[in-house]
There are 2 protein chains.
Amino acid sequence: MSERISEAEWQVMEVLWHASPLTAQEVAARLAETGWSLPTVKTLLSRLAAKGALATTEDGRRYLYEPAVARADVAAGESRRLVDRLFGGRPAPLVAHLAERGELSAADIAELEALIRELKQ
Amino acid sequence: MSERISEAEWQVMEVLWHASPLTAQEVAARLAETGWSLPTVKTLLSRLAAKGALATTEDGRRYLYEPAVARADVAAGESRRLVDRLFGGRPAPLVAHLAERGELSAADIAELEALIRELKQ
DNA sequence: TAATATCGACTACGGCTGTAATCGTCAACC
DNA sequence: GGTTGACGATTACAGCCGTAGTCGATATTA
């Protein structure tokens, strides 16, 4: 398990994390804004199924697709990789970075503060 | 500007962010633990120079390489991309994620707390 | 029952990435 | 001055990624 998921594949996963199971058609419909053709979406679905990120159920002559991995797990893995690579595994510099660049709103800061308070218990 | 830097390329950049300018030989020597051959390191250096991430100065018949982009800028870009993609642009969920998985040490939390206090001013 | 639409599977293909060998050239040494 | 070594440049090549076309089989419809 735990194969990497590419960026295009991630968008497909997002659709299915949001609602599943879906047919290839339905997934493609929800990805209309990407401009991808149906074959493209089908290729991505196949690749995801092949690497175990999606589970398929036969429904007559077609498949219903649904996630086989939790979004949280994949997100955690990606986060960890980034934090390791960019900040030596320490998350504070990441936050400091975002802050320095004005990428943090007051709401973000409040949210982080509440989270920290909770973590300290 | 702002071409993407791949993971192998990132390791080369790390060397030069740490000390520069260096020759290809010197860079390769500092990447001994990767097991990469000298040609491999040279390829990575060329690609980085071609995309403007490294600046070169001629030194006789060879080049001296040094970063043409700040580590902080690249790191910020990557962080931003990740946070956008995984957490809808909000950093708190990222931290929450790391926390939930026990990826945050007490020291990390203290560091974050200090940072938040500072940000609130 | 014959034509058509729809599926998934397979194939394609250019670009990027990781990894490296080879080539032409110039400098240094014998 | 010829040979050897060190450079960068060029070429290679398999695997992954984004994007998509084609094919064979089946279901639907006329």
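Below, chain A is the first sequence line, B the second, and so on; all start at residue 1.
Listed by first then second residue, pairs satisfying side-chain hydrogen bond (donor to acceptor under 3.5 Å, both in side chains) with a partner in residues 87-97 of chain A read R90(A)-E111(B), not counting sequence neighbours.
Of the possible donor and acceptor atoms, one in the side chain of T34(B) sits under 3.5 Å from a partner among the backbone N and O of L31(B).
Ion pairing between R30(A) and E14(A) fails under the 4.0 Å rule for side-chain N and carboxylate O. Electrostatic pairing of R71(B) and E78(B) does not count as a salt bridge here, judged by no charged N lying under 4.0 Å from a carboxylate O. Note on R4(A) versus E7(B): salt bridge recorded, some NZ/NE/NH1/NH2 to OD/OE distance being below 4.0 Å. A salt bridge links D59(B) with R62(B); the closest basic N to acidic carboxylate O contact falls under 4.0 Å.
Note that the CG atom of L54(B) and the CG atom of L64(B) stand 12.0 Å from one another [nearest 0.5 Å].
Evaluated for a side chain to side chain contact (heavy atoms under 4.5 Å, CB included) with L45(A), the options L16(A), T56(A), T40(A) yield exactly one hit, L16(A).
Distance R4(A) CZ to dG15(D) C1': 15 Å, rounded to the nearest Å. Remark: P of dT26(D) and CG of D59(A) are 17 Å apart, rounded to the nearest angstrom. For the pair L45(A) CG and dC17(D) P, the interatomic distance rounds to 15 Å; values are reported in whole Å. Between E58(A) atom CD and dT26(D) atom P the separation is 12 Å, expressed in whole Å. Whole-Å rounding puts the L44(A) CG to dC16(D) P distance at 15 Å. For the pair R62(A) CZ and dT28(D) C1', the interatomic distance rounds to 13 Å; values are reported in whole Å.
Looking at heavy-atom distances under 4.0 Å, R61(A) makes contact with a base.
Interface residues of residues 12-41 of chain A facing DNA chain D, ordered by number: W36(A), S37(A), P39(A), T40(A); criterion, heavy-atom separation under 4.0 Å.
Between S6(A) and G60(A), the residue anchored closer to the 5' end of DNA chain D is S6(A), taking for each the nucleotide with the nearest heavy atom.
Extent of DNA chain C lying under 4.0 Å from chain A heavy atoms, first and last nucleotide in 5' to 3' order, is dT6(C) to dA12(C).
Below the 3.5 angstrom threshold, one finds a donor paired with an acceptor across the side chain of R47(A) and the base of dT19(D).
In terms of heavy atoms, T23(B) sits closest to Y65(B) at C-CD1, 4.4 Å.
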